[in-house]
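Bear in mind the structure is a predicted one, so any value in this text is a computation, not a measurement.
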Amino acid sequence: ANLKMQDGGGIDFSNYTGPANVAVSASTGNLLDDYEEGEATAILTCGSGTVTLGNDTPPHVKIGSLCTISGRLIVASVSSPVGSLTMNLPFAIGSYAEDAERTAGAVMMNNVVSNNIGDFMLSVGGAGNTYCAFYLGDASTLVTDASQQMQATTSIDFCLTYRTAT
């Protein structure tokens, strides 16, 4: 049988004290009241120009404030893409102490214009933002010029887990 919660209810973990070396608040953040599985239409945005996707509905799972989104995006067409390359996220990025909302995901791009497929990185940062950014690694820095590497049939395989605002 399924466990059903009443509207507005959840699983309360406030009596859990945790191990001695872990600070656990008994009053906040211990109610699991949010679970969702779904798909959101992915949109790639460039500094200028456009990248249009053909395969564009990656699934996501959100448990509490933790969201994982993964899948394969396929570029259908491009029109002079230049500069940064970002993808929208299904939920806004949260704000946490010590920049805990910042994270990196796994990405592999295939059939790009000229870079090595291992040169690409995926990053989330900035509380309140609703996008993640794809970067090219250039020796020791991140470079925001991934969009000009896109062409029709480029595939973007990715997995990203991030902390949401709610």
Side-chain angles (χ1 to χ4, degrees), residues 10 22 28-29 31-166:
V22 177
T28 61
L31 180 65
L32 179 57
D33 61 353
D34 190 8
Y35 178 86
E36 175 182 320
E37 292 185 36
E39 293 178 343
T41 301
I43 299 169
L44 293 181
T45 303
C46 306
S48 65
T50 59
V51 174
T52 304
L53 295 172
N55 187 20
D56 65 356
T57 52
H60 66 267
V61 175
K62 183 175 181 281
I63 302 172
S65 64
L66 201 61
C67 181
T68 298
I69 180 170
S70 62
R72 171 175 279 181
L73 306 174
I74 305 291
V75 175
S77 64
V78 299
S79 177
S80 305
V82 176
S84 61
L85 183 65
T86 62
M87 180 184 75
N88 60 309
L89 295 170
F91 303 97
I93 300 165
S95 176
Y96 296 91
E98 300 181 14
D99 288 333
E101 70 273 7
R102 296 187 177 276
T103 188
V107 63
M108 182 182 73
M109 296 194 187
N110 193 27
N111 195 29
V112 295
V113 172
S114 63
N115 276 74
N116 295 318
I117 63 174
D119 289 346
F120 295 90
M121 289 162 260
L122 174 59
S123 177
V124 167
N129 288 335
T130 56
Y131 65 87
C132 60
F134 296 96
Y135 295 98
L136 276 171
D138 181 18
S140 62
T141 61
L142 295 176
V143 182
T144 58
D145 59 359
S147 64
Q148 54 262 43
Q149 291 298 315
M150 301 296 102
Q151 62 185 353
T153 71
T154 294
S155 65
I156 304 170
D157 298 333
F158 72 98
C159 182
L160 173 67
T161 299
Y162 70 100
R163 302 283 306 267
T164 67
T166 56

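- Side-chain atoms of S147 come within 3.5 Å of backbone N or O of G83 as a donor-acceptor pair.
- Among all heavy-atom pairs drawn from Q151 and V112, the shortest one is NE2-O, 3.4 Å.
- Looking at F134 and M150, their side chains never come closer than 4.5 Å, going by heavy atoms from C-beta outward.
- Between the side chain of T164 and the backbone N or O of S65, at least one donor-acceptor pair lies under 3.5 Å.
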For residues 37-55, tabulate all N or O donor-acceptor pairs below 3.5 Å that involve a side-chain atom, not counting sequence neighbours.
from : atom 1 : to  : atom 2 : distance (Å)
E37  : OE2    : Y35 : OH     : 2.3
N55  : ND2    : R72 : O      : 2.8

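- We find the CG-CG distance between L66 and D34 to be 11.0 Å, quoted to the nearest 0.5 Å.
- Y162 approaches F91 most closely through the heavy-atom pair OH-O, 2.9 Å.
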Worked verdict on S155 versus N111 for side chain to side chain contact (heavy atoms under 4.5 Å, CB included):
CA-CA 7 Å; S155 65; N111 195 29; 5.9 Å; no
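- In this structure, Y135 and V143 have side chains that are not in contact, with every pair of non-hydrogen atoms separated by 4.5 Å or more.
- Side-chain contact between F158 and M87 is present, with at least one heavy-atom pair separated by less than 4.5 Å.
- With contacts defined as side-chain heavy-atom distances shorter than 4.5 Å, the pair F120/L136 qualifies.
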When you look at L89 and L160, which way does the side chain to side chain contact (heavy atoms under 4.5 Å, CB included) test go after all the steps?
CA-CA 10 Å; L89 295 170; L160 173 67; 3.9 Å; yes
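- Closest non-hydrogen pair, A76 versus A152, comes out as O-CB, 3.5 Å.
- Minimum heavy-atom separation, R163 to A100: CG-O, 4.3 Å.
- Taking the side chain as every heavy atom from C-beta outward, R102 and V124 never approach each other to under 4.5 Å.
- Closest approach of C132 to L122, counting heavy atoms only: SG-CD1, 3.5 Å.
- Within 6.0 Å of the OH atom in Y131, the count of heavy atoms belonging to other residues, nucleotides or ligands does not exceed 12.
- Scanning both residues, A127 and E101, for their nearest heavy atoms gives N-OE2, 4.0 Å.
- Atom CD1 of I156 and atom CG of L85 lie 6.0 Å apart (nearest 0.5 Å).
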